[in-house]
Amino acid sequence: MSRQLHRGASGGRFSGNSQGFWDDSQMKERTEKEDLDRIRTSDNTYFSFRFPFRFLFLDNSPSKNGLSDNGFASDPFNTGTLRSRHKLTLLFLKFSLVVTVLLALVGSFWWTISITSSSRGHIFRGYRHIQEQLVSDLWDIGELSLGSARLKEFGFCPQESENYVPCFNVTENLALGFSEGKENDRHCGQGSRQNCLVLPPINYKVPLRWPMGKDVIWVANVKITAQEVLTSGSLTKRMMMLEEEQISFRSASLMFDGVEDYSHQIAEMIGLRNESNFIQVGVRTILDIGCGYGSFGAHLFSKQLLTMCIANYEASGSQVQLTLERGLPAMISSFTSKQLPYPSLSFDMVHCARCGIDWDQKEGIYLIEADRVLRPGGYFVWTSPLTNSQASLRNKENQKRWNFVRSFAESLCWDMLSQQDETVVWKKTSKKSCYGSRKSGSSPSICSKGHDVESPYYRPLESCIGGTQSRRWIPIEGRPTWPSRANPNSNELAIYGVSPEDFAGDNLNWNSAVRNYWSLLSPLIFSDHPKRPGDEDPSPPYNMLRNVLDMNARFGGFNSALLEGGKSVWVMNVVPTSGPNTLPLILDRGFVGVLHDWCEAFPTYPRTYDMVHAEGLLSLETDQQRRCTMLDLFSEIDRLLRPEGWVILRDTASLVEIARALATRLKWDARVVEIESNSNERLLICQKPFFKKQTN
């Protein structure tokens, strides 16, 4: 860099006092009695200062250096007179101690009852500050005690880890006995995390700027073979072309079915003129299962529709990795055996185009999970050769499977709107009364309150209909359309237990924060950021980011402020499992997000986010009895962040100083920014350098 960012770390100062020694001539002139008195006095004085509270830590070990079992020094040179004086002194000290304790208790009692309600808040904040300072001090003590080896920078992971995804190790899962699809599930064990820096592939290049990067990616940035490109069978997978060092994605082609025509067909089947009218019927967020490489979501993005791609972990040719490389929403997820980490009633449409899910298997339990995350009045779109009635008639097995899915969808109170070629569109009921009008003993049953968990976190799949107990059962046609739904009114906020004042204040704060962030980041980009060879000066910073990971999203205010500021970006809003669950509100505002435990690896590939943002996360995690360290958290952030990507942390000054020290170990360029002169909060702005692997 032409002007490097400052790498800072908290340090400590040490000071000491030199003491004179008695010379030999003075020592020899002492009398024996004076010598004994001096030894006795110095022993007691030294002990009383070095171990002032030893009586709090009694043990049964033999005493050392003349210490008796009561914690005081014994005197081997005692005489009768001295013993009497010693007893009197001890008696006086005990009496003084009792009086002091009594006075302290009485004073504390009167002080407590005299505290007003207003001053208690100041005391609590003071207590929190002391607690945070204690955490900082303990961290510094731990670092100093472990020596310089502890402060060394992180090393780089081996080459085979360049696409490493913790918690998804199919080979290890098979060895552990997982089968029937469970080997593809998420299994986070103690050995699933590695504290090293994941290097990009040898020929990795910084992705093209948005929106060009949505349609063209570098081949070297993802793990995929030419054969996988040419033989991909999914409808949306095959809309791609390998061109030398790049993969281009086509929205329309004379040789292939265009995604634009496909989207137009779905809109017509719903009864709309085209896909631009999806918003008019309440569709804003779409769950795309087995999304191919994200072409369906990429096309709808321009229509203000937000599509979340989910697919199984794949070691090569990953749908999720390529979709994220295009800058589109995606995450690794599978409901082979576990519920998705989304609340019930979260999406306006669920889409599956040759997604590889056998909906007729396991007595329809996968359809039940799709129904759980689908909002009332939402749409389920399925494209598969199985739904082609003419082809099914020629294959009795396929006809049996298709009949099961059609019958089961009817038992879920889904209404089939239309069927064309291989595509079928169902509409979920908007009325709970439909479930009661089914035939007696109809399956599946309605979940009991204990099984109808609104926000499950990788719980086992349920075989009953969920979401019916939720206060959020509101048909999509009864909700405000986008973008009005991003700003719920007071009645809507009451469903989530949020006051209008808190919500308005949160929006106001984030609008101001985003303006400040951009004013801070823009000079760094234009002055400090090196211009890569052959590149022009960066464009205005409205498009410098494609995606952001907000690690502690709260109400989704950061996401909302970015959109209101005209930033062409989408945000993965993460709600930590260690804090209040606000994810239903975020999703109902028309954003995307997920529940996550930050002591576990996030379900995505390395180098997938342009920016990682966290406000108050360090304070939240510090308050918990955690089974991981802040170092684990930061190494995970480094894995998720693209080279030259940005990190913005906002927290208390003491925790930000700790974070800055960790940023140095991760080789990040870091700056601490004071927000307000009278505020205890600080901003930590970091940039991850672009380290290139050296070829042999």
Side-chain angles (χ1 to χ4, degrees), residues 233-238 257-275 277-278 281-283 285-292 295-297 299-300 305 307 309-311 335 347-430 434 438 444 465 475-477:
S234 169
L235 174 66
T236 52
K237 268 186 179 182
R238 68 180 191 234
D257 297 329
V259 68
E260 185 174 355
D261 292 339
Y262 175 68
S263 304
H264 189 82
Q265 177 190 6
I266 294 173
E268 289 182 335
M269 294 172 71
I270 292 175
L272 304 174
R273 184 176 179 180
N274 54 49
E275 62 271 27
N277 301 120
F278 275 141
V281 294
V283 176
T285 55
I286 300 170
L287 181 66
D288 195 2
I289 303 171
C291 63
S295 294
F296 183 63
H299 173 69
L300 295 179
L305 301 173
T307 302
C309 161
I310 61 170
F335 49 87
F347 295 94
D348 306 314
M349 179 184 287
V350 175
H351 173 256
C352 163
R354 299 184 183 177
C355 62
I357 303 295
D358 295 324
W359 298 107
D360 60 306
Q361 298 299 308
K362 296 188 177 181
E363 299 179 343
I365 198 168
Y366 302 144
L367 284 170
I368 294 174
E369 177 63 6
D371 177 83
R372 183 186 69 82
V373 298
L374 189 61
R375 290 193 176 99
Y379 301 94
F380 182 82
V381 181
W382 184 29
T383 298
S384 169
L386 199 65
T387 64
N388 190 318
S389 56
Q390 294 182 353
S392 296
L393 289 174
R394 294 192 296 268
N395 188 315
K396 291 185 178 180
E397 180 62 27
N398 286 348
Q399 185 178 5
K400 179 181 177 181
R401 296 175 62 190
W402 163 236
N403 288 337
F404 174 87
V405 172
R406 187 169 53 183
S407 174
F408 199 86
E410 184 178 350
S411 69
L412 289 171
C413 287
W414 291 3
D415 180 26
M416 183 188 291
L417 297 183
S418 180
Q419 180 179 4
Q420 292 184 17
D421 301 325
E422 296 183 352
T423 302
V424 184
V425 177
W426 283 276
K427 182 178 175 65
K428 179 177 176 176
T429 183
S430 299
C434 175
R438 297 180 304 170
I465 298 175
I476 61 171
E477 55 267 22

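Here, residue 1 is the first one in the sequence, and each next residue gets the next number.
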Do you know which two heavy atoms are closest between Trp426 and Arg406, and how far apart they sit?
CZ2-CA, 4.4 Å
Between Glu422 and Arg354, is a salt bridge (charged side-chain N to carboxylate O under 4.0 Å, His left out) present by the stated rule, with each step listed?
CA-CA 10 Å; Glu422 296 183 352; Arg354 299 184 183 177; 2.9 Å; yes
Residue set satisfying side-chain hydrogen bond (donor to acceptor under 3.5 Å, both in side chains) with Ser263, at least two apart, ordered chain then number -> none
Checking His351 against Asp288: is there a side-chain donor and acceptor pair closer than 3.5 Å?
yes
With side chains defined as the heavy atoms from C-beta onward, is the minimum distance between Ile286 and Asp348 less than 4.5 Å?
no
Should Thr423 and Met269 count as side-chain neighbours, where that means a heavy-atom distance under 4.5 Å?
yes
The test is salt bridge (charged side-chain N to carboxylate O under 4.0 Å, His left out); show your working for Asp360 and Lys400 and say whether it passes.
CA-CA 9 Å; Asp360 60 306; Lys400 179 181 177 181; over 6 Å; no
So which pairs with a foot in residues 407-419 pass salt bridge (Lys or Arg N to Asp or Glu O under 4.0 Å), sequence neighbours left out?
none
In this structure, CD of Glu260 is separated from CZ of Phe296 (nearest 0.5 Å) by 12.5 Å
When every non-hydrogen atom of Leu412 is compared with those of Pro444, the smallest separation belongs to CD2-CG, 3.8 Å
Can you name the nearest heavy-atom pair linking Leu305 to Val283, along with the distance?
CD2-O, 3.2 Å
Is there a side-chain contact (heavy atoms from CB on, under 4.5 Å) between Asn274 and Gln265 once you walk through the steps?
CA-CA 8 Å; Asn274 54 49; Gln265 177 190 6; over 6 Å; no
Could you check Trp414 against Phe380 for ring pair (Phe, Tyr, Trp, His ring centres under 6.0 Å), going step by step and ending with a plain yes or no?
CA-CA 9 Å; Trp414 291 3; Phe380 182 82; 4.9 Å; yes
Between Leu287 and Ile289, is there a side-chain heavy-atom distance shorter than 4.5 Å?
yes
When rounded to the nearest 0.5 angstrom, what distance separates CD1 in Ile465 from SG in Cys434?
8.5 Å
Ser407: partners by side chain to side chain contact (heavy atoms under 4.5 Å, CB included), with sequence neighbours left out:
none
Minimum side-chain heavy-atom gap Val425-Gln420 below 4.5 Å:
no
Return the CG to OG1 distance between Leu300 and Thr285, rounded to the nearest 0.5 Å.
12.0 Å
For Val381 and Ile266, work out which heavy atoms get closest and say how close.
CG1-CD1, 3.8 Å
Is it true that Thr383 and Tyr262 share a donor-acceptor pair across their side chains at a distance under 3.5 Å?
yes
Who pairs with Glu363 by salt bridge (Lys or Arg N to Asp or Glu O under 4.0 Å), at least two apart in sequence or on another chain?
none
Rounded to the nearest 0.5 angstrom, the CG-CZ distance for Asn403 and Phe408 is 15.0 Å
What residues, two or more places apart in sequence or in another chain, satisfy side-chain hydrogen bond (donor to acceptor under 3.5 Å, both in side chains) together with Arg438?
none
Donor-acceptor pair, Asn395 side chain versus Asn398 backbone, under 3.5 Å?
yes
Shorter than 2.5 angstrom, is that how the SG atoms of Cys355 and Cys291 come out?
no
Decide whether Thr387 and Gln419 meet the rule of one side-chain donor and one side-chain acceptor closer than 3.5 Å.
no
Might you point out which heavy atoms bring Leu374 and Tyr379 nearest each other, and give the distance in Å?
CD1-O, 3.6 Å
Under the salt bridge (Lys or Arg N to Asp or Glu O under 4.0 Å) rule, collect the residues that match up with Asp371, sequence neighbours excluded.
Lys428
One thing to verify: whether Lys427 and Glu477 come together as a salt bridge, which I'm taking to mean a side-chain N less than 4.0 angstrom from a carboxylate O.
yes
Of all heavy-atom pairs between Trp359 and Phe404, which one has the smallest distance, and what is that distance?
O-CE2, 4.3 Å
Any side-chain donor-acceptor pair under 3.5 Å between Glu268 and His264?
yes
Straight-line distance of Ile368 CD1 to Lys362 NZ, nearest 0.5 Å:
12.5 Å
